[in-house]
Number of protein chains: 2
Amino acid sequence: MMVAKEHLMQFGIRPSVQRVAVMHYLLTHRTHPTVDEIYTALAKEIPTLSRTTIYNTLHLLCEHGAALALCIDGINAHFDGFTHPHAHFMCTCCGKVYDVDLDDASFVKRNTPHNASHITDAQLYYKGVCVDCAAKKSN
Amino acid sequence: MMVAKEHLMQFGIRPSVQRVAVMHYLLTHRTHPTVDEIYTALAKEIPTLSRTTIYNTLHLLCEHGAALALCIDGINAHFDGFTHPHAHFMCTCCGKVYDVDLDDASFVKRNTPHNASHITDAQLYYKGVCVDCAAKKSN
DNA sequence: AAACATTTTTGTAATCCCTACAACTAAGTA
DNA sequence: TACTTAGTTGTAGGGATTACAAAAATGTTT
């Protein structure tokens, strides 16, 4: 929890109990959780917790660069506490979102659109079927 | 319209009046329209048109590879009738979606996730402010 | 052509994610 | 303590999308 608190302060975010809990969850669960998954998990620790707080907090984290919002499917947003350059792969079968390392991190920056005044976000998304789901299907 | 019909048939899609109209709209409007934009435009030609048909048709086009669904924001899907490899840039100010050419089209394929059995889609999205909006703001 | 089967379209109802907003609570300041 | 600001909570509402069943159109067989 200490790490999460310091993490927030480094990004200029005042560490309330709820914010620390959300940040801590993101740092200890690299599963790219949805709002609901975070809410369900944290509601056990903080019984008075509201879904709106999760939404508010995640917006705040994204604004300050402490988290990343992934719009990989049109269903619901996924969030990532790790903001170093990397891509994501979503299995359309089980819904899991995996990290994808890039062999050339400069590629995304290099191809920045010419008609952009400034870029706030760049994301590379893959969709398909993961090996786990493919194995289950062939059984 | 002839082009759109043949285009559909090449992808194994039976060319109904509505499907041809949607495909034709995508091929003649490179604006990455939303369902609502397509519906509003085509309802003038086809007064009995239903929004559901637009949804159904776009799903069908995407399944057969005749169109691309862009989930660049969480608000609503945008569609692209041009399926050659390219990225997209959305201006968070005016909402327009622009095409972005890539200097190395092999990059995306090369970085395909290791734990993927097979990939059905790969998209690179940029978000920011376009030069038009930046110019308006500075006035 | 007629009868039948299949495909496609249509419209309504319902679902679900997310946001708006106002009241409540907690924290910081003088 | 009194006051001000910041943060949280819950409900209500908006808006994109889907489910579903009826209607219409198309294709097929006799």
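Chain naming here is simple, since letters A, B, ... match the order of the sequence lines and numbering starts at 1 in each. The basis for the numbers below is simple: all heavy atoms, side chains too, and nothing from hydrogens, waters or symmetry mates.
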| request: Could you say whether B:I46 or A:N76 is positioned toward the 5' end of DNA chain C, judged by the nucleotide with the nearest heavy atom to each? | output: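 This one resolves to B:I46.
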| message | Counting only side-chain nitrogens and oxygens, does B:Q18 get under 4.0 Å of the OP1 or OP2 atom of D:dA25? | response |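 No, B:Q18 has no side-chain N/O under 4.0 Å of OP1/OP2 on D:dA25.
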| said: Please determine whether a side-chain nitrogen or oxygen atom of A:H59 lies at a distance below 4.0 Å from atom OP1 or OP2 of C:dC18. | reply: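 Answer no for this pair, as no side-chain N or O of A:H59 is under 4.0 Å from OP1 or OP2.
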| Parallel, tilted or perpendicular: rings of A:F11 and A:H7 (30°, 60°) |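 Geometry flag for A:F11 against A:H7: tilted rings.
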| message | Using 30° and 60° as the class boundaries, would you call the ring planes of A:H88 and A:H32 parallel, tilted or perpendicular? | response |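 Because their plane-to-plane angle is over 60°, the rings of A:H88 and A:H32 count as perpendicular.
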| query | Is the side chain of B:T83 donor-acceptor paired with the backbone N or O of B:A67 at a distance under 3.5 Å, no angle test? | reply |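 No, the answer is negative, given that no donor and acceptor are paired below the 3.5 Å cut-off.
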| task | Calculate the interatomic distance between A:N56 atom CG and C:dC21 atom P; express it in whole Å. | result |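 Taking CG of A:N56 and P of C:dC21, I get 13 Å after rounding.
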| task | Would you kindly give the CG-to-P distance between A:D73 and D:dT17, to the nearest whole Å? | result |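 After rounding, the gap between these two atoms is 12 Å.
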Sugar-phosphate, base or nothing in reach of [X], heavy atoms under 4.0 Å:
X	answer
A:T53	base
B:R14	sugar-phosphate
A:R19	sugar-phosphate
B:T48	sugar-phosphate
B:D36	nothing

| task | Look at the side chain of A:S16 and the base of D:dG7, then say whether one donor and one acceptor between them are separated by less than 3.5 Å. | result |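 Check fails, no donor-acceptor contact within cut-off.
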| said: Both A:L49 and B:I75 contact DNA chain D. Taking the nearest nucleotide for each, which residue is further toward the 5' end? | reply: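 The 5'-side residue here is A:L49.
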| Closer to the 5' end of DNA chain D via nearest nucleotide, is it B:T52 or B:V17? |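 Whichever sits nearer the 5' end wins; that is B:T52.
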| request: Choose from D:dT9, C:dT10, C:dC17 the nucleotide whose nearest atom is closest to any side-chain atom of A:Y55. | output: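 Given the options D:dT9, C:dT10, C:dC17, the side chain of A:Y55 is closest to C:dC17.
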| Short side-chain donor-acceptor distance under 3.5 Å, A:D80 and A:H86 |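 Present: a donor and an acceptor within the cut-off.
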| request: Let me see the working for B:D73 and B:K127 under salt bridge (Lys or Arg N to Asp or Glu O under 4.0 Å), right down to the final yes or no. | output: CA-CA 9 Å; B:D73 63 357; B:K127 287 187 196 177; over 6 Å; no
